[in-house]
Amino acid sequence: MQIKKVGVVGCGLMGHGIVQVAAAQGGFDVVAFEADQGALDKGIARVEKSLAKLAQKSVEKGKMDADKAEAWAAGARARITPSTDKADLADCDLVVEAIVENLDVKKSLFAELGATCKPETILASNTSSFPIAEMGEASGRPERMVGLHFFNPVQLMKLVEVVRTDKTDEDVFAAARGFGESCGKVPVGCKDTPGFVVNRLLVPYMVQALEMLDRGDASKEDIDAAMQFGCGHPMGPITLTDYVGLDTTLFILEGWCERYPNEPAFAVPGILRRHVEAGKLGRKSGEGFFKWDGDKRS
Ligand code: CAA
Ligand code: NAD
């Protein structure tokens with residue numbers, strides 16, 4: 001099963017990164033889809049900025065000369081077709097969904113994709129927390145459905161979790177795994193369990209850090225410094241929540257609490273809900289637990 005053309009639905013924090021690694025590292029033709037032209041323009045601008053940055057770094061590190069680096073970035077950009085028309089996804093070999101973490105919205109998208117895409121198209125979700133099997137059922141082609149869970153920032157994080165359901169075809173799973181490898185990632189296979197491997201461990205840890213902050217056990221700076229310098233994490237859990245997006249973190253936890261009310265590791269910290277209600281969504285909105293100016297935190 002050969003993947004040549006890839007569709008990515010949603011060009012936000014995660015989607016723009018998936019578009020980029022598929023085109024730049026994987027060499028695939030990529031349709032970058034957003035329903036709204038403004039969101040699409042914003043996503044493509046982020047890809048262009050990131051490609052320029054990586055090209056510049058390759059020159060600085062002596063990996064490429066300036067002309068080659070510019071050609072690399074231009075080549076990747078040329079393989080990307082921005083679109084607001086779902087019909088452009090119809091002949092893709094693989095479509096990866098990276099839209100808002102809302103199961104009903106995802107299911108209705110997969111129902112549309114199942115009806116629109118050619119029969120061989122593999123459908124994949126980048127969901128952080130929802131069952132892949134339910135999206136597969138909604139698509140009408142559960143045997144061609146997988147999870148492809150990339151990590152933020154997609155351009156820099158090496159992992160992709162490849163999630164199979166009881167119904168995923170073996171060759172679909174193998175093709176999805178191969179796609180992850182082509183994008184320069186290390187794929188790990190996972191069953192369709194809540195949070196797969198990483199988020200099942202990581203999100204409850206973030207919850208504990210936020211509850212600690214809410215109780216006033218330590219300042220946000222000290223909680224972060226403790227995990228950075230005590231455990232060698234690249235960033236502390238409060239900064240990480242800003243990085244992931246407070247809205248996305250809340251959606252993950254609300255979904256889990258509703259579905260698994262007896263699981264004590266799944267809880268919605270009050271401080272998280274209050275920040276989201278105040279419009280503080282993290283780095284992407286300019287303020288979460290910290291204030292952000294692009295990559296700079298204060
Ligand atoms: N494109 C291109 N370049 C980028 C970039 C991007 N998207 N993002 C950052 N860079 C660049 C930076 O600008 C920087 O460039 P310079 O060296 O020229 O300044 C360089 O890459 C390295 O960035 P940093 O200086 O910020 O370097 P760092 O060593 O602090 O690494 C990090 C950054 C990789 C994000 C690191 O802090 C890290 O690993 N953090 C933890 C991230 C993490 O845990 N992610 C998982 C989140 S959970 C998830 O994703 C799952 C889910 O479902 C919620
Ligand atoms: P985001 O809010 O940055 O981006 C979502 C994008 O989807 C937006 O650009 C929005 O315009 C678009 N969108 C929403 N509904 C749409 C629809 N019906 N059709 C087309 N486009 C639509 O969110 P994100 O952080 O990129 O998260 C996207 C997905 O990736 C979620 O499922 C999330 O759980 C998952 N994820 C997030 C992270 C993270 O750290 N933020 C990491 C891994 C996985």
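The figures that follow rest on heavy atoms only: side chains count, while hydrogens, waters and symmetry mates do not. Counting convention: from 1, in listed order, for ligands and their atoms alike.
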Output all residues satisfying ring pair (Phe, Tyr, Trp, His ring centres under 6.0 Å) with Phe179, sequence neighbours left out; order by chain, then residue number.
->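 In terms of ring pair (Phe, Tyr, Trp, His ring centres under 6.0 Å), with neighbours along the sequence ignored, Phe179 is linked to Phe28.
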Side chain, backbone, both or neither: which part of [X] comes within less than 4.0 Å of ligand 2 when only heavy atoms are counted?
X	result
Lys42	neither
Phe150	backbone
Thr248	side chain

Electrostatic pair Lys106-Glu101, nearest N-O below 4.0 angstrom |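 A salt bridge links Lys106 with Glu101.
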So, regarding [X] and ligand 2 (criterion: nitrogen or oxygen to nitrogen or oxygen, under 3.5 Å), is there a contact or not?
X	value
Val244	yes
Met14	yes
Leu13	yes

List, one per line, each side-chain donor-acceptor pair under 3.5 Å for residues 216-223, sequence neighbours excluded.
{"residue": "Asp217", "atom": "OD2", "partner": "Arg215", "partner atom": "NE", "Å": "3.0"}
{"residue": "Asp217", "atom": "OD2", "partner": "Arg215", "partner atom": "NH2", "Å": "2.9"}
{"residue": "Ser219", "atom": "OG", "partner": "Asp222", "partner atom": "N", "Å": "3.1"}
{"residue": "Lys220", "atom": "NZ", "partner": "Phe289", "partner atom": "O", "Å": "2.8"}

Fellow cluster residues of Val59, listed by chain then number, with links counted only when side-chain atoms sit under 4.5 Å apart |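 ILVMFWY cluster around Val59 holds nothing else.
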Tabulate distances under 3.5 Å between N/O atoms of ligand 1 and N/O atoms of the protein, writing both atom names on each line.
{"residue": "ligand 1", "atom": "1 (N)", "partner": "Ser50", "partner atom": "OG", "Å": "2.5"}
{"residue": "ligand 1", "atom": "7 (N)", "partner": "Gln155", "partner atom": "OE1", "Å": "3.1"}
{"residue": "ligand 1", "atom": "13 (O)", "partner": "Lys53", "partner atom": "NZ", "Å": "3.1"}
{"residue": "ligand 1", "atom": "15 (O)", "partner": "Lys57", "partner atom": "NZ", "Å": "3.4"}
{"residue": "ligand 1", "atom": "17 (O)", "partner": "Lys57", "partner atom": "NZ", "Å": "3.3"}
{"residue": "ligand 1", "atom": "21 (O)", "partner": "Lys57", "partner atom": "NZ", "Å": "3.3"}
{"residue": "ligand 1", "atom": "45 (N)", "partner": "Asn152", "partner atom": "O", "Å": "2.8"}
{"residue": "ligand 1", "atom": "50 (O)", "partner": "Asn152", "partner atom": "N", "Å": "3.0"}
{"residue": "ligand 1", "atom": "53 (O)", "partner": "Ser128", "partner atom": "OG", "Å": "2.7"}
{"residue": "ligand 1", "atom": "53 (O)", "partner": "His149", "partner atom": "NE2", "Å": "2.8"}
{"residue": "ligand 1", "atom": "53 (O)", "partner": "Asn199", "partner atom": "ND2", "Å": "2.8"}

Is there a side-chain contact between Thr121 and Arg144 (heavy atoms, below 4.5 Å)?
->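 The answer is no; the side chains never approach within 4.5 Å.
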Quick one: are Tyr205 and Val207 in side-chain contact, heavy atoms under 4.5 Å?
->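 No, their side chains stay 4.5 Å or more apart.
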Does Asp36 reach ligand 2, in the sense of a heavy atom lying below 4.0 Å from it?
->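 It does not; every heavy atom stays at 4.0 Å or beyond.
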